[in-house]
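Working notes for the structure below.
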Amino acid sequence: MALGRESDGDGDGDGDDEEVFVDAQDSSYDIEDLNTIYNEKSQFTGLMSKYWPQRFTYFSKFNDGAMMTKELWFSVTPENIAKFTAKLMKLALSDKESPLYVMDAFAGAGGNVVFLVESFDVVFAVDINYIHLHCTQNNASLYHSREVIAQKLKLLPLNWSYADDTIDEGYVDEVFENSKEVSDIVDRVYANKADSMESLQVLRGIKLDCIFGSPPWGGPEYTQQRPYNLNHLLPFGLEKLLKVLLKFTDNIVLFLPRTSDLQQMQQVTLDIFHNTKYIRVFRTYSLGKPKGLVCCWGPAFVDVDIQDMVDLMDG
């Protein structure tokens, strides 16, 4: 059961991305350890030692009280990329009237939420993990006033597996099937079916203007395969993920591995939208290293002047 992925480079100077796999049966990566807050220098030993020097890359206000679990250090988006993505979404939606509603489908530590709150009227932060949602709210509060957070930020616990109309009625996510074997922390930390169905009901009552998501990249194939097979995204492969998210909006932005199979991405776009020009892809960098692809689908992005987008990258 892969619970974490590193989306933003391994920080060791070679620019390669590294997948961090967390198996529930691996005592060195147990569920409770993954959900422990890591924000003290003394905690960053072994595998974790490379992350401490990068803390301000993720949150420039880290010393003001940023919170991340051990797992979140593997997947937080660098601040400059999160800022660019929010600006890109705002540019694409500039012709729409306020209020503008957006969602981060995999909120994690809230690195992207910080700048979505800055750019939009209402931001739904969705995550399967209640501790992640707490970190999201805490970290967004470092950048915005209590009043702004109360007005704009809406937290929703949600396991996206339950948004799949094709799953069996009695489906139970493996994280809950194995919970007694792993730890009782699973039942307290992760959104179950009841939580998820309630959150989905909320989302069905709203017309979102755009969804951002940085889904877990999942599976050892990430490091073994170049190009990266987009069927290995979690909880769904790219095609199903897009179809699920399209139930809530026409415009979708995903942060995907920099080694993603672009031909596969183009084919999925053709199969769903019947037009290969319905996607725009941006390569992102942080500290001079390639980090991932910002991939945009939807009418809002098709109509935006490409030069305006390029200017955002330069700005």
With a 6.0 Å cut-off (strictly less than), is the heavy-atom count around NE2 of His144, excluding the residue itself, greater than 12? yes
State whether the number of non-hydrogen atoms from other residues, nucleotides or ligands found under 6.0 Å of Lys154 atom NZ is greater than 12. yes
Heavy-atom side-chain proximity of Phe301 to Asn251 below 4.5 angstrom: yes
Describe, in one word, how the ring planes of Tyr101 and Phe124 are oriented to each other, choosing from parallel (under 30°), tilted (30 to 60°) and perpendicular (over 60°). parallel
Does any part of the side chain of Leu233, heavy atoms only, come nearer than 4.5 Å to the side chain of Pro216, both counted from C-beta? no
Could you check if a side-chain atom of Phe44 sits within less than 4.5 angstrom of a side-chain atom of Lys70, using non-hydrogen atoms only? no
Asn231 and Gln264, any side-chain heavy atoms less than 4.5 Å apart: yes
Apply side chain to side chain donor-acceptor pair (under 3.5 Å) to Asp195 and Tyr162, showing your working. CA-CA 10 Å; Asp195 299 331; Tyr162 295 108; over 6 Å; no
Parallel, tilted or perpendicular: which one describes the rings of Trp217 and Tyr228, with boundaries at 30° and 60°? tilted
Nearest 0.5 angstrom please: Asp127 CG to Tyr190 OH, how far? 9.5 Å
Please tell me if the side chains of Trp73 and Met48 come closer than 4.5 Å, counting only heavy atoms from C-beta onward. yes
For the residue pair Pro99 and Asp121, what are the closest heavy atoms and their distance? CA-OD2, 3.1 Å
From Leu262 CG over to Cys295 SG, what is the distance, rounded to the nearest 0.5 angstrom? 7.5 Å
Could you give the distance from CG (Leu153) to CG (Leu116), rounded to the nearest 0.5 Å? 10.0 Å
Can you check whether Gly110's main-chain N or O pairs, donor with acceptor, with Asp104's side chain at less than 3.5 Å? no
If a pair satisfies salt bridge (Lys or Arg N to Asp or Glu O under 4.0 Å) and one of its residues is in residues 136-152, list it, with sequence neighbours excluded. none
Over 60° means perpendicular and under 30° means parallel, so classify the ring planes of Phe62 and Phe56, tilted if in between. perpendicular
Is it possible for you to say whether Tyr130 and Met197 belong to one hydrophobic cluster, with membership spreading through side-chain heavy-atom contacts below 4.5 Å? no
NZ of Lys61: more than 12 outside heavy atoms within 6.0 angstrom? yes
As an exercise, state the distance from CE of Met68 to NE2 of His132, rounded to the nearest 0.5 Å. 11.0 Å
Is there a side-chain contact between Met103 and Leu203 (heavy atoms, below 4.5 Å)? yes
For the student: nearest non-hydrogen atoms of Gln54 and Lys50, plus distance: NE2-O, 3.0 Å
Can you list every pair that meets salt bridge (Lys or Arg N to Asp or Glu O under 4.0 Å) and has a residue in residues 231-254, with sequence neighbours left out? Asp164-Lys240, Asp165-Lys247, Lys207-Asp250, Glu239-Lys243
Considering only heavy atoms from C-beta outward, does the side chain of Leu254 approach that of Leu241 to under 4.5 Å? yes
Can a donor-acceptor pair be found, under 3.5 Å and without considering hydrogens, that links the side chain of Thr249 to the backbone of Leu245? no
Any chance you could lay out the side chain to side chain donor-acceptor pair (under 3.5 Å) test for Tyr51 and Gln43, step after step, and finish with the verdict? CA-CA 11 Å; Tyr51 294 102; Gln43 295 173 293; over 6 Å; no
Please test Tyr58 against Asn139 for side chain to side chain donor-acceptor pair (under 3.5 Å), starting from the C-alpha separation and ending with a verdict. CA-CA 11 Å; Tyr58 305 134; Asn139 296 336; over 6 Å; no
Is the backbone N or O of Gly108 less than 3.5 Å from a side-chain atom of Thr136, with the two atoms forming a donor-acceptor pair by type? yes
Report the C-alpha separation of Glu71 and Asn35 in whole Å, then their side-chain angles, then the decisive distance to 0.1 Å, and conclude whether the side chain to side chain donor-acceptor pair (under 3.5 Å) test is met. CA-CA 7 Å; Glu71 180 182 351; Asn35 285 289; 5.2 Å; no
Please check: side-chain N/O of Gln137 versus main-chain N/O of Leu155, any donor-acceptor pairing under 3.5 Å? no
Using only atom types and a distance under 3.5 Å, with no angle test, would you say the side chain of Trp160 pairs donor to acceptor with the backbone of Leu158? no
Under a 3.5 Å distance rule, please check whether Thr259 uses its side chain to pair with a backbone N or O of Pro227 as donor and acceptor. no
Do Glu79 and Tyr143 pair up side chain to side chain, a donor and an acceptor below 3.5 Å, judged on atom types alone? yes
